[in-house]
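One structure is given here, and the rest of the page talks about it.
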Amino acid sequence: MAVRRLAPKELQLKDFAFTPENLEWARGQLTKYPDGRQASAVIPLLWKAQEQAGGWVPEAAIRYVADLLDMAHIRVMEIATFYTMFNLAPVGRFHVQLCGTTPCRLRGAEDLIHVCEKRIGHQFDVTPDGALSWVEVECLGACVNAPMAQINYDFYEDLTPEILTKILDDLAAGKEVKPGPQIDRQYSAPEGGPTTLLDSPSISGSGGIAAAEPLTDAAPKKPTAEANQREAPANVDTLVKTAAKDGISARATEKALTDDAPVSDAHKPTLLAEARGGVADDLKLIWGVGPKLEAMLHRMGVFHFDQVASWTEMNLRWVDQNLEGFKGRAVRDKWIEQGRKLASGWRPASGVGEKPGD
C-alpha cells in the first residue's frame, strides 16, 4: 500500500465545522459510549466529516473532530491516514474504488484499470468536470461476481471494459445507473438463472416443505433447455391455499416459502398519490433507508410512518419485492416494527434511524 499523505495545502479547506444537523448527529453518537470513552466515536465522526466535505477528509476536519472528542490532533491524524476508507484528497462526485485483488485480477480487473486510466487518469485524479475519480483497492468481498468496483455506496459487479465505460459515461452525464450484477444473474446466483432446486416447493402434510428425494449412485443429470425454461415459483397465495387443504396454517406456509415466491397485487398496501398536507415524514429515520430509497418509496406512494405501521406481513413482502435494487431490505430491517415506533412519536438519537434488534 502506498504512503498516505494529506492533500497539498493549496487544496485544503481553511476551516471546517459540522452543520447543525451533523453536529446533532455527532452528539448522538457520543451518547453510545460510557463517560471517558467518547474517543471511540472517532471513526464514525470522521466518516460523517468526509461525507460533508464532499467525499474526502481535509486537515481542518481532522483537527475539528479531534477537538470535538478532546483528542490530540496527531491521534486522529494517525487514524485518518491509516484507514483507506478515508480519502485524504478531493475526489469526484462519483469515486470509483476498483478491486484489484486476485479473484478480480483473474477475471479481468487489469482491463478495467486501463479503462479508468484512459477515461479518468491516474489514481485520485479528478476529471475536469469534477464527476469522476478512481483508486485501486483491496478485496471488497464480492469475489463471486468478479471483477467489480464500488462507486460511492453501490457495488457494480460482473464488469467488462465496455460495461464499465458505459457506467462511467452515464454517471458523468447524470443518468441513472443500475447497481449490482451487470449480467443476467440475481445477486450472486448462477449466470442465466438457477440451476438447482428448479421445482416449485411442494407442501407436505407434516407442516413444512417436502423433503428432497434421496440421493442415489446414479450419474447426475445434465441441465437441459427444458429445465432452464421452467415456470417461475408458484404464487404465494396459491401455495397458501394448497397448504390450507392439508391443515397447515397460512403463517407457517408463508414462513416456509422462499423469498423469491412472488406476492400478488392483492396484498398491495394503501398507497398515496402525494404526502398528506404536502409534507412527508422523514423516512430516512427508518434504519436502512437513505435518500435514494426514500425517493423510491415516495414514487411508490409511501410518505408517512403510519402507512408503514399499518402494513400486514404480506403488505410488507409486496413492498419488499418492488424495491428495485433493495429487495430484502424491508423484511430484513423490520420496517413495520420501526414504523410503529416512529408513528408513535418516538425518534432515534441519530439521523440514520436505530437498527432493529434480532
Side-chain angles (χ1 to χ4, degrees), residues 21 152-155 170 174-181 186-187 200 231-244 249-348 350-358:
E21 295 78 13
N152 292 355
Y153 297 112
D154 292 318
F155 276 14
D170 286 349
K175 297 180 181 178
E176 186 171 346
V177 177
K178 172 183 172 293
Q186 181 185 31
Y187 305 121
S200 300
E231 295 181 353
N235 185 283
V236 170
D237 297 339
T238 303
L239 294 174
V240 169
K241 292 177 182 177
T242 302
S249 73
R251 185 169 183 79
T253 305
E254 292 167 9
K255 188 175 182 181
L257 297 175
T258 68
D259 290 338
D260 290 331
V263 180
S264 73
D265 285 346
H267 294 292
K268 180 192 295 188
T270 301
L271 303 174
L272 303 176
E274 58 183 14
R276 293 191 293 266
V279 180
D281 292 335
D282 184 2
L283 299 182
K284 296 187 296 298
L285 293 179
I286 298 175
W287 174 269
V289 175
K292 186 174 181 179
L293 188 47
E294 182 183 47
M296 186 182 298
L297 288 170
H298 287 172
R299 291 193 297 271
M300 185 182 293
V302 180
F303 298 92
H304 302 286
F305 298 134
D306 58 3
Q307 284 181 267
V308 180
S310 68
W311 291 347
T312 65
E313 289 296 327
M314 293 304 288
N315 292 153
L316 180 69
R317 288 187 57 174
W318 183 92
V319 170
D320 203 57
Q321 76 175 9
N322 285 283
L323 297 177
E324 187 64 35
F326 296 91
K327 292 178 182 178
R329 182 73 58 89
V331 171
R332 182 195 71 191
D333 291 341
K334 304 177 182 178
W335 281 9
I336 296 177
E337 177 182 314
Q338 293 195 66
R340 288 171 180 166
K341 289 180 66 176
L342 291 163
S344 71
W346 172 88
R347 292 294 180 268
S350 73
V352 294
E354 182 177 276
K355 186 175 182 180
D358 296 330

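The figures that follow rest on heavy atoms only: side chains count, while hydrogens, waters and symmetry mates do not. Nothing here was measured: the structure is a model prediction, and the numbers come from that model.
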Side-chain heavy atoms of [X] within contact of [Y], under 4.5 Å:
{"X": "W311", "Y": "V302", "value": "yes"}
{"X": "Q321", "Y": "P262", "value": "yes"}
{"X": "V279", "Y": "F303", "value": "no"}

Start with the C-alpha gap between I286 and F305, add the side-chain angles, then the distance that decides, and say whether side chain to side chain contact (heavy atoms under 4.5 Å, CB included) holds.
CA-CA 9 Å; I286 298 175; F305 298 134; 4.2 Å; yes

Which side-chain N or O atoms in residues 338-346 pair as donor and acceptor under 3.5 Å with protein atoms at least two apart or in another chain?
unit_1 : atom_1 : unit_2 : atom_2 : d
Q338   : OE1    : W287   : N      : 2.6
Q338   : NE2    : D333   : O      : 2.7
R340   : NE     : A309   : O      : 3.4
K341   : NZ     : E354   : OE2    : 3.4
S344   : OG     : K341   : O      : 2.5

For [X] versus [Y], what's the shortest heavy-atom pair and its separation?
{"X": "V289", "Y": "E294", "value": "CG1-N, 3.8 Å"}
{"X": "V331", "Y": "D320", "value": "N-OD1, 3.4 Å"}
{"X": "I336", "Y": "T312", "value": "CD1-O, 3.5 Å"}
{"X": "E324", "Y": "M296", "value": "O-CE, 3.1 Å"}
{"X": "M300", "Y": "V319", "value": "SD-CG1, 4.0 Å"}
{"X": "A280", "Y": "H298", "value": "CB-NE2, 4.0 Å"}

Side chain K178, main chain P181, donor-acceptor under 3.5 Å: yes

Open item on the list: Please check this pair: side chain of R317 against backbone of V263, looking for a donor-acceptor N/O pair closer than 3.5 Å.
Closed with: no

Partner of W318 under side chain to side chain contact (heavy atoms under 4.5 Å, CB included), picked from L316, N315, N322, is N322

- Query: Would you call D154 and K292 a salt bridge, using N to O less than 4.0 angstrom?
  - Reply: yes

* Salt bridge present between R276 and D306 (N-O < 4.0 angstrom) -> yes

Step by step, work out the side chain to side chain contact (heavy atoms under 4.5 Å, CB included) result for Q307 and T270.
CA-CA 8 Å; Q307 284 181 267; T270 301; 5.9 Å; no

In this structure, CG of D282 is separated from CZ of R347 (nearest 0.5 Å) by 8.5 Å

